[in-house]
Amino acid sequence: MGVHIGASRPGAALCSSREAMQMGYLAEIPARVAGIPCLIGVESYRRQRPNHRTWSSDWDYQGYTDCDWRLLDRRGRIAEWLERKMGKKDKERIGEEIQSYMLREAAERKAEAAIERYESRRYFGH
């Protein structure tokens, strides 16, 4: 599965998912760049699962992840100075961290929805 990395900017302070969304980010993920603690502000994220029935595109056939993000300092401000310190390995690692975080979040949402459905059936007798 490929990972496409968009824009990047340095770390930001921890905040809840709701606060991150108010700031225009889908999530803020703690990270380190050049040993410096920061946050990854995820601006967009899309995961295309592999579709082995299509031959028109190798990307669709194999699946891919597309995301745009910025590095923020620990206070949530854009940190271009830290972005300049990033190497190729940092960008690849951050792309993997974003993918891992977003997959965990999706699994948690799915589990919470299943619990809510179960409780709803129990409560309403359906």
Side-chain angles (χ1 to χ4, degrees):
M1 181 179 310
V3 176
H4 168 74
I5 300 173
S8 62
R9 295 196 187 167
L14 287 176
C15 67
S16 69
S17 296
R18 181 171 293 175
E19 290 170 334
M21 290 180 71
Q22 289 174 349
M23 295 169 47
Y25 300 114
L26 298 175
E28 287 188 354
I29 305 167
R32 286 185 176 268
V33 171
I36 301 168
C38 59
L39 291 176
I40 305 164
V42 180
E43 295 178 320
S44 67
Y45 178 85
R46 181 177 190 280
R47 179 173 179 250
Q48 175 64 45
R49 293 177 184 235
N51 182 354
H52 299 293
R53 293 185 178 148
T54 183
W55 291 91
S56 60
S57 167
D58 61 334
W59 283 62
D60 291 335
Y61 183 81
Q62 295 176 359
Y64 63 91
T65 299
D66 185 29
C67 60
D68 293 311
W69 49 275
R70 295 182 177 208
L71 283 180
L72 309 168
D73 65 19
R74 291 185 294 173
R75 293 184 178 173
R77 299 173 297 199
I78 295 169
E80 293 177 4
W81 62 272
L82 188 54
E83 186 176 46
R84 289 189 293 269
K85 292 181 176 277
M86 289 181 56
K88 183 178 180 179
K89 288 184 180 181
D90 288 319
K91 291 180 181 180
E92 289 173 2
R93 180 183 43 79
I94 287 172
E96 291 168 3
E97 287 179 20
I98 292 170
Q99 183 172 1
S100 174
Y101 176 87
M102 297 303 265
L103 290 173
R104 272 193 320 273
E105 287 290 311
E108 287 178 21
R109 284 192 305 272
K110 186 176 180 180
E112 288 172 2
I115 291 168
E116 287 178 16
R117 285 192 308 272
Y118 172 77
E119 289 174 346
S120 175
R121 284 192 300 256
R122 264 185 88 201
Y123 180 73
F124 293 113
H126 295 281

To the nearest 0.5 angstrom, please state how far the CD1 atom of I29 sits from the CD atom of E97.
7.5 Å
Check whether any side-chain heavy atom of D66 lies under 4.5 Å from a side-chain heavy atom of R47, and answer yes or no.
no
Would you mind reporting whether I115 and E119 have side-chain heavy atoms less than 4.5 Å apart?
yes
Closest non-hydrogen contact found for P37 with R32 is CD-NH1, 3.5 Å
side-chain contact (heavy atoms from CB on, under 4.5 Å) involving R117 - partner list, sequence neighbours excluded
A113, A114, R121
Shortest non-hydrogen pair, L82 vs V33, comes out as CD1-O, 3.7 Å
Which residues satisfy the side-chain hydrogen bond (donor to acceptor under 3.5 Å, both in side chains) test with R104, sequence neighbours excluded?
S100
When you compare the side chains of R70 and Y25, does any donor N or O come within less than 3.5 Å of an acceptor on the partner?
no
Between SG on residue C38 and CE on residue M86, distance to nearest 0.5 Å
8.5 Å
For residues L26 and Y45, report the shortest heavy-atom separation together with the two atoms involved.
CD1-N, 3.7 Å
Below 4.5 Å, heavy atoms only, C-beta onward: do I36 and K85 meet side chain to side chain?
yes
To the nearest 0.5 Å, what is the distance between NZ (K88) and CG (D90)?
12.5 Å
To the closest 0.5 Å, what do you measure between CG (L103) and OG1 (T65)?
7.0 Å
Side-chain contact, heavy-atom cut-off 4.5 Å: E80 with I78?
yes
